[in-house]
Each structure stands twice: as structure tokens, then as C-alpha cells.
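Sequence lines set the chain letters: A, B, ... in the order given, protein chains first and strands last, and positions in each chain run from 1.
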Protein chains: 2
Amino acid sequence: MAASRRPTLADVAREVGVSAKTVSRVLNEDGPASARTREQVLAAVAKLGFQPNLMARNIRVGGPDATIGLVIPDVANPFFGAVARAIEDTVRERGLTLLMGSSADDPARERALTDQFLARRVSILMVVPSVGADHTHLKSHREAGLPVIFLDRPGVGLSTDRVVSSNRVGAHDGVAHLIAHGHRRIGFLGDLPLKLYTRRERLAGYRSALDEATIPYDRSLVANAHDQQSAEAATAQLLDLADPPTALFAGNNIMALGIVAELARTKRKDVAVVAFDDIALAEALEPALTVVAQNAQELGEAAATIALTRLDGTRTRARTITIPTRLIARGSGEQPAPGTNA
Amino acid sequence: MAASRRPTLADVAREVGVSAKTVSRVLNEDGPASARTREQVLAAVAKLGFQPNLMARNIRVGGPDATIGLVIPDVANPFFGAVARAIEDTVRERGLTLLMGSSADDPARERALTDQFLARRVSILMVVPSVGADHTHLKSHREAGLPVIFLDRPGVGLSTDRVVSSNRVGAHDGVAHLIAHGHRRIGFLGDLPLKLYTRRERLAGYRSALDEATIPYDRSLVANAHDQQSAEAATAQLLDLADPPTALFAGNNIMALGIVAELARTKRKDVAVVAFDDIALAEALEPALTVVAQNAQELGEAAATIALTRLDGTRTRARTITIPTRLIARGSGEQPAPGTNA
DNA sequence: CTGAAAGCGCTAACAA
DNA sequence: TTGTTAGCGCTTTCAG
């Protein structure tokens, strides 16, 4: 019944009648050990259910802990979940484990998480920076050799490696696809906050596509939302304008859900849609959803790979890796633009 | 340029001209400290960028680490992502951080992860057990006071708390819904491996619903798949039978994706569908997808809550918490059964 | 091949 | 209010 203490090296040593160091040697395959000793030690380890205390080991060895600290906005978001999985798979063979937290895009929570991870002496720190967060405090750690990687968005106050999607080009291509099918009034439904890097980049891509086609930028066609529900409402508002858009561009996967749900609810199939970021069942919708797909897996992989390179001592200057997006035309972008020239 | 050693308590103490213990006192708000000393210490801490080494602290204090070890099949699966997020949110105010790994339903990987977590002296261990994994080795840890929780499925060789969905009842209700709409040939598309707990439970629910309606069980209507692609193929095969099903029941979210994608690809709207587990955009499909929704959030919350209770010393016997599922009829379950009585 | 002593960074338990 | 000593569980260093 007593919650007995976990066995230690010393306990094992005592059981065998040998010194702690000898047990350590056997377990770490350090130095030599007679076959007999080895067997006895292993037996005692099994008998006592001994598991070395990794924290104690790390303390003594002095090196960083074999963990990678990862801060993302939300594990429940399939995009970031996929990124996390790719990172995990890439670092696993190096023996690194994931220490993870959701910031909910709150700079305070992000900071609490990074501080926590630093205090745990992670080997690598990867962050999807929140709007309003400052990363100057990470500078000294980076200089001391800690690989710090910004994911999906650039950080503030620290020049370090970052891996982002080709947001601007991707958005441009998606909007250009709509324009190519005759649309001139194209709504943009973006993320919040307005200062969010990805939102700004994608809006910039949207604008550049309009510019190319000499379509004037109309602020009333730009709406914002922060979750699926508000995206649905924003969609309804856009379509209620006196001179409504004939096509919509979704700034991310959540916005896409909102647009699609709202159009389905009101049974409107006449609105063309292109979404940034692929979503499940896009091909089963009617019409099937055309998207500018991000490559979550490659994004995670690239981040993990460059982090491992840094861990191995590469000291070249900060790199920015851009993961290409891909336009997948499935139909929704080709809804005819009514009255284009009627 | 030199990767200078991270500052330690002693460094701070030296800087101020005070003992290490005093610095420790100030930082942990342990014992008293003069205002002047406190200020100096805080200043030095800021100046040196000192961050206490949590591992060293934990070693000395002897308690478990403020982390919760979580093993799930795949972070990229939205269902498990949502569960993870709920756990995280529930334990955050207690200061616990997530140490997470994807097992890919591989018992060896699951074991490697749990061992890793145990070596890190996590405060709580939560596992979604893989088929083929044995958990006898966790017994001693549980007896020593470590809260161990099985999530989504029961574990083998260890009686401990577990939190599962009402798989059997949920599946029964979903299939009964199809039967109520006149269907008698209902296909079941389940997960792999066949021994998977959730699959077996849901199949049992399927069978019980058939029994109730005195519909004979037809093995040829039961198919299996392990990802969306194979689910699509299995769907095609089921519908190619000489006496094909008029309705399909999806055993989980991935199977649902496969069924819906395949029906969309072949433009078949005459097949009724009910899926276990809700998926994004279910309401935007045509017909909208009827589902037996699991409550991922409540599942995670319940698991975290009971774990915290254990952490606080509750020693009552192992509990099984069943999170109810909910039938959400959206239309796809009500496709008419052709020739029911023609 | 094995052990004893020292010490990683921190805090508990006593002093002063 | 502060410092000293010891020790957490492990490994390094140096002797046997």
C-alpha cells in the first residue's frame, strides 16, 4: 500500500553487491564489465523495475535535454497537428521527444510556454509566433547554441531560421484562378488579428492578383473572422452587400469551413470559391472545393531538418525556407461569373 | 562567439555577493528576504538571463516532473488532436505541460514512448493503447502512485482508470437510424486491425441493432480499411456486391472520409450513410452527413480531471468513464431504401 | 575489470 | 534575514 520510492542506481547496486558506477557502466555500455556482473545487474534491474532517472542523468552530463519544445496555436487544428506529426517523425530517429503546448495565439501563453521549455533545457525550440509576441529574449539562447526555429510566421526581435508557406504567391494564384474565370468582384475572408503575418501576406497576394488584372481594390469586399461561426456570418454579410462579390477567397482552412458551410446552408452554388489550405472532403463537396494547398508535412519536415543541422553545429546565417503551395482546381473556382459582360 | 555556459544559481549569487540559497529563496518566494537583497537578485537574474534548471530542481525536490505524458496514435488525426487540446487546457492551470508522442498504433513505439516518459518521471501517464501492447509493466508505477489513464480504449494487463466513448450504444443508435428508414442491407466499414477495441465495440453495436430488427448478420457486408484510400476501395467493393447494401455505416472518421469521397466520386446519392465520429463540413455535404458524434473535448477533459484527482491522492478503485455519443441526423441516414417492399 | 570520491544545479534542514 | 552543509540520482575522474 505504501507508495514506495522508485528504485535508484544505488538500490540496484546494493541488490547485486556492487558499486553504483558499475551498474551505470552496464546500463550505458560504458567501460568494460564482466559477463557475470552484467548478468547480475540486468537481473536486478528487471527485478526491481529500475528505470534510470533521465533528469538526474541530464544534470550530471550537462548537455541539453533530448526534447524539442514546440509551441503552436492549437493542436486541435488539423494543419498544425499535421505539422507537429511531421516534426515528430523527423526527429524521432535522433531520439528527440516532443514537448508541446498550444498558445491559442496569446503572446502571454506563448511566452509562458517558451520559458517553461527553456527551463527544461530543450535541445530545440520551435515556435509559431503569436501576434504581439516579442522574441528578443531568445537571442541569447540562440547565440549560446540553441536552435530556434520560427514556423509558419516570422518572429519579432530575433533573426533566426524560419519556414513558411508561399503565402503571397499562393494567394495570388488562387485569386488569379478566379479572375481567369471571369470574376471581378472577389471577396477576401481573412483571419484575425489583422496583423497576422499569414493574413497580411495572403491579402497582399490577393491585391497583387487584382492589380495584375487592373481590378480596383474594394475594401468593402474584405472581411474578417476568427472562427468558423464568425466566418459564416461574415460570408453572409459579404453576400448581402448591394454589389456583392461573385467569388470568395478564403484566407485559411477555418475561413474555408465557414464559407462552405454558409453557402451550403443557403443553398448557393453560384458563388465561386477558392480556399487557402486544403481541407478534408474538399473533393466531395458540390462543387468540389478548389484550394491553394499548403504542405504541412513538408513544412514540419523542413523545420525539423534545419533544426537538426543546427544542433549538429552548423553556424551559417539564418535561413528562410519557403514551402511552395499548390493550386488544386476542383471546380468551385470555375463557377461562372454572372453578368460579367451581360 | 563561444557558446557560453548557461548561468546557474551560483553565478547569480556571485554576481550579487550573496549565497546561492538566498537567490533560491527569492526566486521561489520561499523564506524571507530583505527588499534590498530581493531587488539585487532580481536585477542580476535579469542581467544574466538566468533561468533556473527545472531538471535540477526536480531532482532535489524528489517529486515527479510537472509534465503529463501522452501517447496517442496520431497527432495529425483531428479527433486525437482535439483530445490532446482538451487535456492540455484542463491541466494547464495546475502547471502541467504536455510531453507527447504518436504511436502510429505500433506497440513497440508505444512502449518506447511510455518508457521514455517514465524515465522523465512524468506526473501523469495517459495512453491510447495500441493493439498488441501489454501494460503489465505499468502496474508497479501505478501502485507507486503514478496516475495511469487509458484513453479511448482499455489497456491490457493493468486495471486502471479509463475513459471511452459509448461505442456500442452509439453504433447501435446509428445503425438503428438506418433501419428506421427502411434499410435492411447495411454495410459496415471498420477500422483495422480487427481486434481494435473501438472497432469491435462498434461492430457489436451494429450487430445488436440488426438483431433487434431481426435482420440476419451477413459477413459479406462487413469490410475493413486502414486509411482513406483503402476505405474508398472497400466502399466500391461493397457496392459492387451482387446484392449490395443500400446503406453504409462508417466505423470511424477516416472510414467516413473514404465512404463519402467514393460516393461523391461515383456520384451516388442513393446510398444512405451514417458515420461514427463527426467530421468537418459534414453539414455541407449533399446529402448532409448523419453522424454519431464523439465528444473529443469531454473525453480529454474527463481523463485529465480524473488524473488530477488521482494526483491529489484519491485511491479509490479504477473507474471507467463512458462519454456519451450523440446521433446528429443531418439527412444522409434518411436516403430512401430502394425496393424495401417493392 | 571495479570502486571511491567529487560534483552537476538545485533545495531541505539546520544553524547563526 | 542570511549562510552552511548535505544530498537528490546520476556520471566523471581518477585510483585501484
Which residues in residues 114-125 of chain B have a heavy atom closer than 4.0 Å to any atom of DNA chain D?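 When residues 114-125 of chain B is checked for heavy atoms under 4.0 Å from DNA chain D, there are no hits whatsoever.
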Name every residue in residues 48-63 of chain A that has at least one heavy atom under 4.0 Å from any atom of DNA chain D, in order of residue number, or write none if there are no such residues.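 Contacting residues: A:F50, A:P52, A:N53, A:A56, A:R57, A:I59, A:R60, A:V61.
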Tell me the interatomic distance from A:L9, atom CG, to D:dG7, atom C1', rounded to whole angstroms.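 Atom CG in A:L9 sits about 16 Å away from atom C1' in D:dG7.
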Rounded to whole Å, please give me the gap between CG in B:D11 and P in C:dG9.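 Going from CG in B:D11 over to P in C:dG9 covers 8 Å.
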Can a salt bridge be assigned to the pair [X] and [Y] using a cut-off of 4.0 Å between side-chain N and carboxylate O?
X      : Y      : value
B:R57  : B:D65  : no
A:D89  : B:R109 : yes
A:D152 : A:R162 : no
A:R111 : A:D106 : no
B:D105 : B:R153 : yes

In Å, rounded to the nearest 0.5 Å, how long is the span from CD of B:Q51 to CZ of B:R6?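 B:Q51 CD to B:R6 CZ: 7.0 Å, rounded to 0.5 Å.
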Please report the interatomic distance CD1(A:I72) to OG(A:S130), rounded to the nearest 0.5 Å.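 OG of A:S130 is found 11.5 Å from CD1 of A:I72.
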Provide a list of protein-nucleic acid N or O atom pairs under 3.5 angstrom, restricted to nucleotides 1-4 of chain C.
residue : atom : partner : partner atom : Å
C:dT2   : OP1  : A:S34   : OG           : 3.1
C:dT2   : OP1  : A:T37   : OG1          : 2.5
C:dT2   : OP2  : A:S34   : N            : 2.8
C:dG3   : OP2  : A:S19   : N            : 3.0
C:dG3   : OP2  : A:S19   : OG           : 3.3
C:dG3   : OP2  : A:T22   : OG1          : 2.5
C:dG3   : N7   : A:R25   : NH2          : 2.6
C:dG3   : O6   : A:R25   : NH1          : 3.3

Heavy-atom count around B:R319 CZ within 6.0 Å, excluding the residue itself: above 12?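 Result for CZ/B:R319: open.
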Looking at B:V83, B:I87, B:I321, which hits side-chain contact (heavy atoms from CB on, under 4.5 Å) with B:L299?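 Among the candidates, only B:V83 passes.
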For a side-chain contact (heavy atoms from CB on, under 4.5 Å) with B:L113, tell me which candidate from B:L99, B:V71, B:L125 qualifies.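 Of B:L99, B:V71, B:L125, side-chain contact (heavy atoms from CB on, under 4.5 Å) with B:L113 is met by B:V71 alone.
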